[in-house]
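In what follows, chains carry the letters A, B, and so on, assigned in the order in which the sequence lines appear, proteins first and then strands, with residues in each chain numbered from 1.
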Amino acid sequence: MALRVYDTLSQRKQLFEPLVPGKVGMYVCGVTVYDRCHIGHARVYVAFDTIARYLGRMGYEVTYVRNFTDVDDKIIKRALEEGVDSRELADRYIASFHDDMAALKVAPVQREPRVTDHIDDIIGVIERIIDSGHGYVVDGEVFFDVESLEGYGQLSKRKLDEMQAGASDRVSVDERKRNPADFVLWKASKPGEPHWDSPWGQGRPGWHIECSAMAGRHLGGTFDIHGGGKDLIFPHHENEIAQSTAAHGQPPARYWLHNGFVNVKKSEEDSDQGEKMSKSLGNFFTIGDVLEHYHPEAVRLFLLTTHYRSPIVYSTENLEDATRRVEYVYETLAKMDLVLDAGPSQAAIDEVLRPDLFEETLRGFNEAMDDDFNTARAIGELSDLISFLNQLADAKDKASKKRRHATFARAREVLDELAAVLGIFDSPPREVLQGIRARKLKKISISAEEVERQIAARDEARKARDFATADAIRAKLAAEGVVLMDSAGETLWKIA
RNA sequence: GGCGGCAUGGCCAAGUGGUAAGGCAGGGGCCUGCAAAGCCCUGAUUCCCCAGUUCGAAUCUGGGUGCCGCCUCCA
């Protein structure tokens with residue numbers, strides 16, 4: 001296996017070779033905790049969760065660090081509005097973030113540093129930047145001198161002189177800056193704002209410096225992977241490279257990975273790719289709201305069926321597609337569990353059917369993931385196997401039935417291994433199916449009890465061979481969105 | 001204006017030089033009292049357009065069109 005990852009800095013796929021053999025240090029920019037997270041945030045953390053899981057499966061010891069920005073203008077503003085302490089506000093949204101992540105089966109990371117717990121580290125980094133001649137102090141604030149550092153703009157492919165023309169007509173430039181692109185490392189605090197003592201007076205850290213400090217503290221001067229959304233390439237990550245290089249004399253990360261946005265169409269008929277989901281546009285759906293209507297695994301599958309660097313369109317149709325697929329897979333898994341739980345029958349033969357298919361699936365899956373974590377392709381590679389398992393579960397011939405237990409046991413091993421990477425298809429099937437049904441039940445106007453009553457009435461009619469009445473009930477329920485399925489023993493139902 | 005990216009069947013989506021994965025939806029069939037589910041079969045002579053390189057291009061080059069993002073807080 002040879003993993004190749006797309007690196008934003010070099011703009012090409014690179015063979016992945018960690019700094020220290022067998023170990024991977026990974027830093028992903030976390031959220032600013034002043035509000036609930038939306039699906040755009042979900043995408044980042046599901047994507048990098050999957051990346052971390054895959055690296056783990058490859059045998060690497062992964063140290064995944066994901067921070068919380070818990071001091072910032074927006075937090076201060078919101079805290080002021082609500083009349084609460086900003087620390088308290090941050091705590092609340094950190095808890096909310098954890099709830100969202102747990103629901104989406106995003107595994108806990110190794111470290112979750114908070115900015116306010118790293119003020120000393122931040123001050124230390126700023127001091128080193130000043131000492132190395134890349135920072136300057138004005139009125140109790142510290143700025144980074146972008147012109148002092150050769151290579152500024154390398155990540156975002158910008159040149160300083162080209163940037164100024166576009167930026168100056170929209171942003172009022174701080175007169176104290178030597179260059180309009182200089183950015184603040186340490187901000188003097190205004191009365192009433194959270195503040196810390198520093199060599200430059202009371203203040204708080206600028207936005208970009210925190211990541212340089214926390215990544216340095218937890219992963220060292222240089223680590224392997226740095227990730228985040230594409231919108232962080234500039235200025236955040238560009239500035240981080242500048243800061244870390246100035247402070248440590250070496251670039252922070254060996255590979256820069258950036259995920260694409262979740263887009264939202266402006267209208268139903270809209271044929272283009274929609275626009276970026278964002279707080280400022282107000283076109284966002286919070287993770288909590290989405291999970292009310294769609295099962296977490298459907299959301300996760302939806303997010304993983306597009307390669308992480310491509311844009312993805314959030315739409316009910318796409319979520320429903322994903323839901324149907326999740327249902328199909330878990331129905332198959334439920335049937336497999338029935339066989340596995342019963343244990344091998346007396347006539348069972350300990351022989352795995354289609355060993356070639358298992359090998360093909362594993363090979364295809366690994367190949368896809370090795371190619372810059374191509375989850376879309378990896379999921380596609382599972383199709384043949386799942387389809388085969390579903391057929392085997394329903395197979396009537398003796399030869400298949402005798403080998404069913406052994407084959408399903410092997411299938412469980414393979415699926416468990418791959419599902420553990422994707423974070424889907426590894427939950428108890430009945431729970432997932434019930435979870436999907438509970439959500440769909442919210443969409444229909446009649447209760448489950450009423451449906452059961454109608455089914456009982458229909459069964460009476462069917463027993464009397466009064467198919468006209470039976471079909472009328474079927475039609476009536478169908479109009480409500482309830483579909484009946486007459487199986488051998490009982491009539492099951494589902495919501496269309 | 002600068003920089004980066006995207007455009008593949010009705011929809012979603014892989015595929016970066018060797019003759020178009022997969023999923024959803026649709027159509028036909030099996031099954032069923034009728035259905036549903038499931039299973040089988042079925043769909044792009046073609047990958048936004050034009051030109052070029054090549055034995056060969058969705059894949060490379062040039063031009064064009066449309067869309068998106070970053071340049072300001074943003075995942």
Checklist entry - What does A/F302 touch in the nucleic acid at a heavy-atom separation under 4.0 angstrom: a base, only the sugar-phosphate, or nothing? => result nothing

Next on the checklist: With nearest nucleotide decided by heavy atoms, which residue, A/Y308 or A/S156, maps closer to the 5′ end of RNA chain B?
Outcome noted: A/S156

Next on the checklist: At less than 4.0 Å, is any side-chain N or O atom of A/N390 found next to OP1 or OP2 of B/C39? Yes or no.
Outcome noted: yes

Checklist entry - Does OP1 or OP2 of B/C12 have a side-chain N or O of A/R325 closer than 4.0 Å? => result no

Next on the checklist: Does A/G40 reach a base, just sugar-phosphate, or nothing at all? Heavy atoms under 4.0 Å.
Outcome noted: base

Next on the checklist: Between A/E238 and A/I233 (side chain of the first, backbone of the second, donor and acceptor by atom type, cut-off under 3.5 Å), is there such a pair?
Outcome noted: no

Checklist entry - Thinking salt bridges, do A/D372 and A/K13 make one under a 4.0 Å N-O criterion? => result no

Checklist entry - Any salt bridge between A/E450 and A/R453, counting N to O under 4.0 Å? => result yes

Next on the checklist: Rounded to whole Å, how long is the line connecting atom CD of A/E381 with atom P of B/A21?
Outcome noted: 12 Å

Checklist entry - Is any side-chain nitrogen or oxygen of A/N374 closer than 4.0 Å to OP1 or OP2 of B/G15? => result yes

Checklist entry - Would one find a side-chain N or O of A/K276 under 4.0 angstrom from OP1 or OP2 of B/C70? => result yes

Next on the checklist: Within the 4.0 Å heavy-atom criterion, would you say A/D321 contacts the bases, only the backbone, or no part of the nucleic acid?
Outcome noted: base

Checklist entry - Which one is paired to B/G69, where only Watson-Crick or G-U wobble pairs with both distances under 3.5 angstrom count? => result B/C3

Next on the checklist: In whole Å, measure the gap between the P atoms of B/C39 and B/G5 for me.
Outcome noted: 41 Å

Item to check | Interatomic distance where CG belongs to A/N263 and P belongs to B/C68 [whole Å] | outcome: 9 Å

Checklist entry - How long is the line joining CG of A/D174 and C1' of B/U72, in whole Å? => result 14 Å

Checklist entry - So what does A/N318 touch, heavy atoms closer than 4.0 Å: a base, only the sugar-phosphate, or nothing? => result sugar-phosphate

Next on the checklist: If you apply the rule ring pair (Phe, Tyr, Trp, His ring centres under 6.0 Å), what do you find for A/F97 with A/Y45, and how did you get there?
Outcome noted: CA-CA 11 Å; A/F97 177 85; A/Y45 305 114; 5.4 Å; yes

Checklist entry - Using purine N1 to pyrimidine N3 plus N6-O4 or O6-N4 for Watson-Crick, or N1-O2 and O6-N3 for G-U wobble, both under 3.5 Å, which nucleotide pairs with B/A25? => result none

Checklist entry - How would you label the contact of A/H258 with the nucleic acid (heavy atoms, under 4.0 Å): base, sugar-phosphate, or nothing? => result nothing

Next on the checklist: I want to know whether A/F284 and A/H41 have ring centres closer than 6.0 Å.
Outcome noted: no

Item to check | N/O donor-acceptor pair under 3.5 Å between A/R300 side chain and A/L422 backbone | outcome: yes

Next on the checklist: Taking any heavy-atom pair under 4.0 Å as a contact, classify A/G260: base, sugar-phosphate, or nothing.
Outcome noted: base

Checklist entry - Tell me: CG of A/L319 to C1' of B/C11, nearest whole Å? => result 14 Å

Item to check | Spacing between A/D397 atom CG and B/G38 atom P, to the nearest angstrom | outcome: 20 Å

Next on the checklist: Could you tell me how far B/G10 sits from B/C3 if I compare only their C1' atoms? Round to whole Å.
Outcome noted: 36 Å

Checklist outcome for this item: Against the side chain of A/Y328, the closest entry in B/C39, B/C24, B/A14 is B/C39

Checklist entry - Of the nucleotides B/A75, B/C24, B/C40, which one has an atom closest to the side chain of A/Q391? => result B/C40

Item to check | Heavy-atom pair with the smallest gap, counting every atom of A/W256 and A/D7 | outcome: N-OD1, 2.8 Å

Item to check | Rounded interatomic separation in angstrom, taking CZ from A/F365 and C1' from B/A14 | outcome: 15 Å

Next on the checklist: Using a 4.0 Å heavy-atom cut-off, does A/D72 contact any base of the nucleic acid, only the sugar-phosphate backbone, or nothing at all?
Outcome noted: nothing

Next on the checklist: Checking contacts here: which listed nucleotide (B/G4, B/A75, B/A25) is nearest the side-chain heavy atoms of A/R324?
Outcome noted: B/A25

Checklist entry - Atom CG of A/L392 to atom P of B/C39: distance rounded to whole Å? => result 13 Å

Item to check | Shortest side-chain distance from A/T32, nucleotide among B/G15, B/C39, B/A75 | outcome: B/A75

Item to check | Pairwise 5' ranking along RNA chain B for A/K335 and A/K13, keeping only the more 5' one | outcome: A/K13

Next on the checklist: Between C1' on B/G4 and CZ on A/F261, what's the gap in Å once rounded to a whole number?
Outcome noted: 11 Å

Next on the checklist: Check this one for me: any side-chain N or O of A/T306 less than 4.0 Å away from OP1 or OP2 of B/A13?
Outcome noted: yes

Checklist entry - Across all strands shown, which nucleotide pairs with B/G17 by Watson-Crick or G-U wobble geometry, both distances under 3.5 Å? => result none

Next on the checklist: Taking any heavy-atom pair under 4.0 Å as a contact, classify A/E320: base, sugar-phosphate, or nothing.
Outcome noted: nothing

Next on the checklist: Of the listed nucleotides (B/G4, B/C70, B/A75), which one gets closest to any side-chain atom of A/K157?
Outcome noted: B/G4

Checklist entry - Of the candidate nucleotides B/C68, B/A14, B/A75, which contains the atom at the shortest distance from the side chain of A/V44? => result B/A75

Next on the checklist: Measuring only the C1' atom in each nucleotide, how far is B/A13 from B/C24? A whole number of Å is fine.
Outcome noted: 11 Å

Checklist outcome for this item: Each nucleotide of nucleotides 26-36 of chain B classed B (base within 4.0 Å of a protein heavy atom), S (only sugar-phosphate) or -, in 5' to 3' order, makes -------BBBB

Item to check | Nearest heavy-atom neighbours spanning A/C211 and A/Y27 | outcome: SG-OH, 3.3 Å

Item to check | Cation-pi check, A/R309 onto A/Y6 ring (under 6.0 Å, within 45° of axis) | outcome: yes

Checklist entry - Checking all strands, does A/R158 fall into the base, sugar-phosphate, or nothing category for heavy-atom contacts under 4.0 angstrom? => result base

Next on the checklist: For A/K440, run the side chain to side chain donor-acceptor pair (under 3.5 Å) check against A/H293, A/H295, A/E327 and tell me which one passes.
Outcome noted: A/E327

Checklist entry - Which part of the nucleic acid, if any, lies within reach of A/V262 when heavy atoms closer than 4.0 Å are counted: base, sugar-phosphate only, or nothing? => result base

